[in-house]
K.L.:
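Mind having a look at this structure? Questions to follow.
Because the structure is predicted, anything quoted here is derived from the model rather than measured. Position 1 is the first residue of the sequence; numbering continues from there.
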Amino acid sequence: MNENKSFAVMTTKEFAASLASDAPAPGGGSAAALIGAYGAALTTMVGQLSQRETGTEALMEELFTAADRDTEAFLQVAAAFAMPKQTEAEKLNRSSAIQAGLRTCTESPLAVMEKALQALRQMEELERAYNTNAASDLGVAVLAAQTALKGAWLNVLINVASLKDRQQAALYRERGQQLLAAGEQLAAELYERILKAIEA
């Protein structure tokens, strides 16, 4: 992060500049979480315009926090790779630290996937009775949550591939696949219904 500054308090331009730099973090994982946060924010807005409580304001804050955690997890792995590896004990400690960091790097995007699915479910509730003048806003919210879900899934996949504990890797993968399947189906259904509302 930029001088330990949370992404939640950066301007959008500051975050974009940080993302565009040659630093390896923040990267796609943090971007996916922030995109999900914007989707949650849009859902909150549509809820207010529809005089309905959505619960997505809390999710927005959680996704901002998740963006920070994703970058922190990556930096943990980077620090582990920089550990000394001259002796056998050092090699063992370094390998253990790398694997611990990779687990954190996998759990972080899984948490984003869970929050993205929660956001989609809140959107589903809202879509049943909302101010259709804001249909395009809700549609963008759906797409943002879907992007967060799929973007986080890519980060799960790239990290489980490096885990030595293949049983744990399989459990992470299974959980991610469940979240992806549920979220993808829900996002597709919501988008189609919102599209029809706009075209009607």
K.L.:
Is the number of heavy atoms from other residues, nucleotides or ligands under 6.0 Å of L180 CG greater than 12?
P.N.:
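Correct, the count exceeds 12.
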K.L.:
Would you mind writing out the side-chain donor-acceptor pairs for residues 192-200 within the sub-3.5 Å range, not counting sequence neighbours?
P.N.:
unit_1, atom_1, unit_2, atom_2, d
R193, NE, E127, OE1, 3.1
R193, NE, E127, OE2, 3.4
R193, NH2, E127, OE1, 3.2

K.L.:
Are L163 and W153 grouped together when hydrophobic residues (ILVMFWY) are joined by side-chain heavy atoms under 4.5 angstrom apart?
P.N.:
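Yes, one cluster joins them.
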K.L.:
Decide whether K164 and S95 meet the rule of one side-chain donor and one side-chain acceptor closer than 3.5 Å.
P.N.:
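Looking only at side-chain atoms, S95 and K164 do form a donor-acceptor pair, the distance falling under 3.5 Å.
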K.L.:
Below 4.5 Å, heavy atoms only, C-beta onward: do N133 and L49 meet side chain to side chain?
P.N.:
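N133 vs L49: side chains apart.
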K.L.:
Okay, side chain of S21, backbone of S18: is any donor-acceptor separation there less than 3.5 Å?
P.N.:
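Indeed, once roles are kept as given, a pair shorter than 3.5 Å links the two residues.
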K.L.:
Is the backbone of E14 close enough, under 3.5 Å, to the side chain of T11 for a donor and an acceptor to pair up by distance?
P.N.:
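It does hold such a pair.
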K.L.:
Strictly distance-based, threshold 3.5 Å: is any side-chain N or O of E53 a donor or acceptor partner for the main-chain N or O of G55?
P.N.:
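Side chain of E53 to backbone of G55: a pair is present.
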K.L.:
To the nearest 0.5 angstrom, please state how far the NZ atom of K85 sits from the CG atom of L92.
P.N.:
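Here the interatomic distance stands at 14.5 Å.
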K.L.:
Could you tell me whether the side chain of D68 and the main chain of F7 form a donor-acceptor pair under 3.5 Å?
P.N.:
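Yes, the answer is positive, given that a donor and an acceptor are paired below the 3.5 Å cut-off.
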K.L.:
Is it true that a side-chain atom of Q76 and a backbone atom of A73 form a donor plus acceptor pair closer than 3.5 Å?
P.N.:
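Looks like no, no N/O pair under 3.5 Å.
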K.L.:
Under 3.5 Å, side chain of N159 to main-chain N/O of C105, donor-acceptor pair present?
P.N.:
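Judged by distance alone, yes, a pair lies under 3.5 Å.
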K.L.:
Do any N or O atoms from the side chain of S30 and from the backbone of P26 form a donor-acceptor pair under 3.5 angstrom?
P.N.:
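No: the side chain of S30 does not pair with the backbone of P26.
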K.L.:
State plainly whether one hydrophobic cluster holds both L186 and V46, where clusters connect Ile, Leu, Val, Met, Phe, Trp and Tyr through side-chain heavy atoms under 4.5 angstrom apart.
P.N.:
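Same hydrophobic cluster.
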K.L.:
Please test E107 against Y172 for side-chain hydrogen bond (donor to acceptor under 3.5 Å, both in side chains), starting from the C-alpha separation and ending with a verdict.
P.N.:
CA-CA 8 Å; E107 289 163 3; Y172 284 145; 2.5 Å; yes
K.L.:
Return the minimal non-hydrogen interatomic distance between A25 and T71, and the atom names on each side.
P.N.:
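Where A25 meets T71 most closely, the heavy atoms are CB-CG2, 3.8 Å.
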K.L.:
Tell me whether E88 is salt-bridged to K91, with the criterion being a basic N under 4.0 Å from an acidic carboxylate O.
P.N.:
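Yes, E88 and K91 are salt-bridged.
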K.L.:
Membership question, hydrophobic clusters at under 4.5 Å side-chain separation (ILVMFWY): are Y130 and L120 in the same one?
P.N.:
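Yes.
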K.L.:
Pair L126, Q122 - check side-chain contact (heavy atoms from CB on, under 4.5 Å), show working.
P.N.:
CA-CA 6 Å; L126 179 59; Q122 295 287 1; over 6 Å; no
K.L.:
Are more than 12 heavy atoms from other residues, nucleotides or ligands located less than 6.0 Å from atom CZ of R94?
P.N.:
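Result for CZ/R94: enclosed.
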K.L.:
Give a yes or no on whether the backbone of R52 and the side-chain of S50 come within a donor-acceptor separation of less than 3.5 Å.
P.N.:
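Between the backbone of R52 and the side chain of S50 there is no qualifying donor-acceptor contact (under 3.5 Å).
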K.L.:
Could you give all pairs that pass the salt bridge (charged side-chain N to carboxylate O under 4.0 Å, His left out) test and reach residues 168-191, with sequence neighbours left out?
P.N.:
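Residue pairs passing salt bridge (charged side-chain N to carboxylate O under 4.0 Å, His left out), neighbours aside: E114-R175, K150-E184.
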K.L.:
Can you name the residues that form a side chain to side chain contact (heavy atoms under 4.5 Å, CB included) with M60, not counting sequence neighbours?
P.N.:
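M60: side chain to side chain contact (heavy atoms under 4.5 Å, CB included) contacts with A37, A40, A41, E57, F64.
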K.L.:
Starting from V77, can I reach L157 by hopping between I/L/V/M/F/W/Y residues whose side chains sit under 4.5 Å apart?
P.N.:
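Linked, L157 and V77 end up in one cluster.
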K.L.:
Please report the interatomic distance CG(L149) to CG(L179), rounded to the nearest 0.5 Å.
P.N.:
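If I round to the nearest 0.5 Å, the distance is 7.0 Å.
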K.L.:
Is the shortest distance from a Lys or Arg side-chain nitrogen in K115 or E62 to a carboxylate oxygen in the other one below 4.0 Å?
P.N.:
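Yes, this pair counts.
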K.L.:
Is it true that V160 and I158 fall in one hydrophobic cluster, defined by side-chain heavy atoms closer than 4.5 Å?
P.N.:
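In one cluster: no.
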K.L.:
Keeping the roles fixed (side chain from Q185, backbone from A181), state whether a donor-acceptor pair exists under 3.5 Å.
P.N.:
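Checking the backbone N and O of A181 against the side chain of Q185, no donor-acceptor pair under 3.5 Å is found.
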K.L.:
Have T43 and T54 got a donor and an acceptor in their side chains that come within less than 3.5 Å?
P.N.:
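Result is no, nothing qualifies.
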